[in-house]
Amino acid sequence: MTSSSNPRAIIALDLDYFYAQCEEVRNPAIRDKPVVICVYSGRSEISGAVSTSNYPARRLGVRSGMSIAFAKKILKDNASAVFLSIDLEYYQSVSDRIMDILRSRSEKFEQASIDEAFVEVSSQYDSGYLNAIKVAKAIKEDILSSEKLTSSVGIGSSKLLAKMAADSKKPDGFAVILPGEERSFLGPLPVGKLFGVGPKTSEKLKSINVSTIGELALVNEEKLSDLFGRKLGPSLKDWANGRDESPVVEKPIEQMSRIVTLKSDATIFEFQDVLQPISEDLARKLHSSGLLCKSIGIIGITDALKVKSRSKSLPVPTESGKIIFETASELFSNFFEEEKESRLRRIGIKISDLQGMHSKIGSLEDYF
DNA sequence: AATACCGGCGAGT
DNA sequence: TCATACTCGCCGGTATT
């Protein structure tokens, strides 16, 4: 018995410069001006980082992740530039409305982030993706009419291809990679454009003379495994060849975290006031999702910006803010005992091993 | 020998 | 220039069973 099936038809949707565009919709007067969305850390008047910006700001050199100070410097002669503090709740409410509509209308849907989603329309497959194109255009127009937001969409035979298609034409873009065109689309692109390949991986690939995705596609698999590990190595080769079987499926929440920047770096455990509210926050979020956590961790970012972490799995899953707080406190005390010289700039709590409230896991010994 | 746990790293939005 | 707040996946090492 042989079986064959059509390629999948997947639409990737990406809301353009999402946070900044939400602000443009809320206040149309700032449209066409450089708009910078800032995460102020509270250490000084302007300390903090740029979350994102609109295209006028980007054209002048503003980038995600740069310091607010640097963005202000770049825009210092631009009287019209607008710096706004991030308002995540507002963007989340806009996102929720859009995602709920898409989810309710799709047979297969996956929200990938606050501003990205996949819709699969394989069931009405045609070789020119005419149906997928029609659906994608309808989605774009829906979002434009209901929320006044532009978006970029890509269509391809996998999530990877659809996503990279969407990325290739931004903003307000529309790109289709037909089945069979995968390699010719990917081949000429620099490896850094491949989803999952960031600066570190690019650097390593450069060291073995691989600079394009087409070159990566030809590298010996064992060599990639040696360099990048048994999972990532083979995946890189697959992706570079346009192979990606990952399904369009909504993923359950796996972890939640909260982290804050301290007013000044700390060398001892003295953060009850900081940990208390974020513990309660996490407990509330857990409870509202109907989940329990089985492991609790702390995150610290040192003055040298190195990430430190400690974690502990619990004997019994919890949703208690008190237990989250007490466990995190204990982990921080232990951490500073082990690393007396550490100065922490940012601290946070991560809860993971999330499970449904009524999942029956474990044996009798867990209860007695 | 398999599985679980732990801390670190990399990547993405 | 001076560096946020999240999420996810994977790695190697070690402990547990």
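All heavy atoms count here, side chains included; hydrogens, waters and symmetry mates do not. Naming convention: chains lettered A, B, ... in sequence-line order (proteins, then strands); numbering from 1 in each chain. Values in this document were obtained by computation on a predicted structure and should not be read as measured data.
Comparing atom distances between the A:Ser313 side chain and each of B:dA11, C:dT4, B:dC5 picks out B:dC5 as nearest. Closest contact between the side chain of A:Ala69 and the listed nucleotides C:dC2, B:dG8, C:dT4 involves C:dC2. The side chain of A:Pro199 sits closest to B:dA11 out of C:dT4, B:dA11, C:dA3. In the set C:dT4, C:dT1, B:dG10, the nucleotide with an atom closest to the side chain of A:Arg346 is C:dT4. Listed nucleotides: B:dG12, C:dA3, C:dA5. Nearest to the side chain of A:Thr261: C:dA5. Listed candidates were B:dG7, B:dG10, C:dT4. Nearest to the side chain of A:Thr201 is B:dG10. Nearest to the side-chain atoms of A:Lys306 among the listed nucleotides B:dC9, C:dC2, B:dC6 stands B:dC9.
Side-chain contact between A:Ile101 and A:Ile98 is absent, with no heavy-atom pair separated by less than 4.5 Å. Under the 4.5 Å side-chain criterion, counting only non-hydrogen atoms from C-beta, A:Lys294 is not in contact with A:Ile351.
Sparse packing is recorded around NZ of A:Lys193, with 12 or fewer heavy atoms of other residues, nucleotides or ligands lying under 6.0 Å away.
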**Report entry** Residue pair A:Lys170, A:Asp14: steps toward the salt bridge (Lys or Arg N to Asp or Glu O under 4.0 Å) verdict
**Finding:** CA-CA 9 Å; A:Lys170 278 183 169 184; A:Asp14 193 322; 3.0 Å; yes

Report task. Decide yes or no on salt bridge (Lys or Arg N to Asp or Glu O under 4.0 Å) for A:Glu23 and A:Arg26, but give the supporting numbers first. Result -> CA-CA 5 Å; A:Glu23 296 292 353; A:Arg26 179 150 66 173; 3.0 Å; yes

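Each of A:Lys73 and A:Ser41 lies near DNA chain C, and the nucleotide nearest A:Lys73 is the one positioned closer to the 5' end.
When the side-chain nitrogen and oxygen atoms of A:Arg345 are compared with OP1 and OP2 of C:dT4, one or more of them lie within a distance under 4.0 Å.
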Query - Footprint string (nucleotides 7-17 of chain C, 5' to 3'): B base within contact, S backbone only, - free, heavy atoms under 4.0 Å - result: BB-SSS-----

